[in-house]
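Structure first, commentary second.
Here the structure is a predicted model, which means the values were calculated and not measured. By convention here, the first residue in the shown sequence is residue 1.
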Amino acid sequence: MIKAINILMMMCLSVPAFSQAAIFDGVIKTKIETSTQSGVVRFNVRNSRIGVRGDIGKYLSYRVQVELSNEGTFAPLDLHGTLKPTQNLSFLIGQQSIPFENQYIITPAEMMFANRAFVGKYFTPGTRDIGAVMQYRFHVGGFPMEGQAGIFNGGGINDPQWSKYPSFACRLIAGSMDGFRTTAKIYRFHDQEQLDLFFWGADIHYANNALRVEAEVMNRHSYTTGRDLFGTYIQGAYTIGLPNAGMFHSFTPAVRLDAMGYDVWSNNFDVKRITLGVNFGLTFIPYDSVFRIDYEHVSSKKGVVFPDFDNRDLHVADNKVTVELVVRF
């Protein structure tokens with residue numbers, strides 16, 4: 001932890017000296033969880049992130065972000081530079097998000113609920129890797145589009161391993177987050193343990209000043225076992241302003257249905273969940289900080305074994321009530 005603090009101090013002191021427009025940001029995500037089945041309670045600081053971004057001249061920018069509470073350890077997240085030869089073309093080189101998962105379901109500061117959807121937590125080996133990504137923005141008939149393609153080591157965060165068969169990902173995005181947006185994507189993953197996976201997915205998103213609705217499907221095929229893991233979710237929220245409510249400036253009820261299972265093309269989903277939540281926007285902290293209460297109801301088939309799902313947490317499949325505070329700065 002002392003090493004982490006020293007790194008953050010160096011960031012704060014050195015970045016303004018060479019950056020034209022350094023922007024610092026961060027998030028603290030802390031919660032209280034209780035299982036309605038077993039009666040146990042857990043306090044958890046799930047995330048505490050801080051980062052900085054900025055431009056160094058017209059053609060070069062950077063992003064650095066670290067996690068201080070990665071299950072008790074310090075973890076570097078985003079460590080990359082961006083080359084911008086033209087206004088529409090950019091190359092991100094370094095450790096970064098793989099262009100496959102949707103940031104709004106995996107990023108702590110953007111999530112609609114306390115816990116991620118199944119497809120954002122249990123499908124990919126990780127959401128970041130070391131590599132290079134090309135992004136190109138264009139228009140088709142006045143409609144905004146973006147193509148993304150990346151190649152990665154396959155080792156995940158902070159693991160610059162040699163790779164004979166690098167991982168790669170491609171994504172095509174149509175639209176924008178303000179209004180209608182849809183994407184189609186693929187991801188091929190290899191690592192030193194000979195894990196060989198192929199993912200495909202598609203999603204749709206719509207948002208206006210009050211309403212937000214999202215849905216996604218994702219499939220993971222293992223070339224080792226020959227099995228497919230399929231997942232999907234649909235979630236939505238509606239924000240109501242509270243101009244005279246003192247501490248809270250908005251009230252947002254939200255609901256999510258998500259499910260996953262092996263070989264669901266010939267069978268039903270193995271695990272299903274419904275999440276009901278209420279989010280209160282805080283007035284005295286900017287950047288959409290929220291206080292929320294969620295209830296999760298999980299149902300699963302007897303005898304179903306998900307290596308990631310069942311073993312990460314003793315009570316992961318329990319019904320839960322979660323009270324969470326998310327502070328963005």
Side-chain angles (χ1 to χ4, degrees), residues 1-31 44-57 60-84 90-112 114-116 120-121 124-135 146 148 150-160 167 169 171 177 187 285-290 324-329:
M1 183 59 69
I2 294 177
K3 180 180 178 181
I5 294 174
N6 290 335
I7 292 174
L8 295 177
M9 290 180 63
M10 292 175 61
M11 287 169 54
C12 295
L13 293 174
S14 63
V15 168
F18 61 80
S19 176
Q20 294 180 351
I23 300 174
F24 288 87
D25 61 85
V27 60
I28 299 172
K29 181 179 169 77
T30 181
K31 58 186 178 180
N44 187 8
V45 179
R46 184 62 186 89
N47 300 102
S48 56
R49 298 181 178 185
I50 188 168
V52 60
R53 69 176 75 235
D55 296 320
I56 307 175
L60 180 63
S61 64
Y62 63 90
R63 171 62 169 166
V64 175
Q65 184 181 209
V66 296
E67 172 66 72
L68 304 179
S69 59
N70 184 39
E71 299 187 5
T73 62
F74 167 76
L77 298 178
D78 297 314
L79 306 168
H80 65 261
T82 301
L83 298 173
K84 299 177 286 186
S90 59
F91 296 91
L92 286 69
I93 303 173
Q95 184 164 288
Q96 59 193 285
S97 296
I98 299 165
F100 186 75
E101 297 272 17
N102 284 318
Q103 293 302 306
Y104 54 77
I105 69 163
I106 62 173
T107 301
E110 299 180 23
M111 291 164 51
M112 194 181 293
N115 293 318
R116 287 174 286 173
K121 186 172 184 178
T124 62
T127 61
R128 287 176 169 84
D129 205 340
I130 305 173
V133 172
M134 180 186 71
Q135 299 178 337
E146 181 175 345
Q148 302 174 341
I151 186 168
F152 303 91
N153 285 334
I157 290 179
N158 203 29
D159 187 8
S167 300
R171 176 163 59 179
M177 294 297 291
Y187 177 31
I285 305 175
Y287 306 114
D288 300 323
S289 299
V290 298
E324 181 178 64
L325 177 64
V326 180
V327 180
R328 295 184 67 181
F329 57 92

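- Of all the heavy atoms in V52 and A22, the pair that sits closest is CG2-CB, 4.3 Å.
- Considering all non-hydrogen atoms of both residues, A114 and E324 come closest at CA-OE1, 3.4 Å.
- Pairing each heavy atom of T127 with each of E101, the nearest pair is CG2-CG, 4.2 Å.
- For the pair Y62/I56, a side-chain contact is recorded, criterion being any heavy-atom separation below 4.5 Å from C-beta on.
- Remark: the backbone N or O of Q96 is not paired with any side-chain donor or acceptor of H80 at under 3.5 angstrom.
- A heavy-atom distance below 4.5 Å is not found between the side chains of I50 and Q65.
- Residue G154 comes nearest to S167 through the heavy atom pair CA-OG, 3.6 Å, listed as atom of the first residue, atom of the second, then distance.
- Between the side chain of S90 and the main chain of L83, no donor-acceptor pair closer than 3.5 Å is present.
- Here S289 contributes atom OG and R328 contributes atom CZ; the two are 7.5 Å apart, rounded to the nearest 0.5 Å.
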- Task: For side-chain contact (heavy atoms from CB on, under 4.5 Å), just list the numbers for K31 and N115, CA-CA rounded to whole Å, side-chain angles, deciding distance to a tenth of an Å, and then say yes or no.
- Result: CA-CA 10 Å; K31 58 186 178 180; N115 293 318; 2.8 Å; yes
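- The residue from I157, D159, N153, D129 that alone fulfils the side chain to side chain contact (heavy atoms under 4.5 Å, CB included) condition with Q95 is I157.
- With contacts defined as side-chain heavy-atom distances shorter than 4.5 Å, the pair V66/R49 does not qualify.
- R63 and D25 are joined by a salt bridge, as a carboxylate oxygen and a charged side-chain nitrogen come within less than 4.0 angstrom of each other.
- Distance CD1/I130 to CD1/I151: 13.5 Å, rounded to 0.5 Å.
- Under the rule for a side chain to side chain contact (heavy atoms under 4.5 Å, CB included), the partners of S61 that lie at least two apart in sequence or sit in another chain are D55, T82, K84.
- In this structure, OH on Y187 lies 7.0 Å from CZ on F152, to the nearest 0.5 angstrom.
- Contact check for Y104 versus M112: no side-chain heavy atoms found under the 4.5 Å cut-off.
- S69 places a side-chain heavy atom less than 4.5 Å from the side chain of V45.
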- Intermediate values then yes/no, side-chain contact (heavy atoms from CB on, under 4.5 Å), T30 and R46: CA-CA 6 Å; T30 181; R46 184 62 186 89; over 6 Å; no
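- Looking at heavy atoms from C-beta onward, F329 lies out of side-chain contact with V27 at the 4.5 angstrom threshold.
- Counting only heavy atoms from C-beta outward, the side chains of I98 and R171 never approach each other to under 4.5 Å.
- For the pair I105/M111, no side-chain contact is recorded, criterion being any heavy-atom separation below 4.5 Å from C-beta on.
- Nearest approach of N47 to E67, heavy atoms of both residues: ND2-OE1, 3.0 Å.
- Contact detail for K29 and V326: the closest heavy-atom pair is CG-CG2, 4.1 Å.
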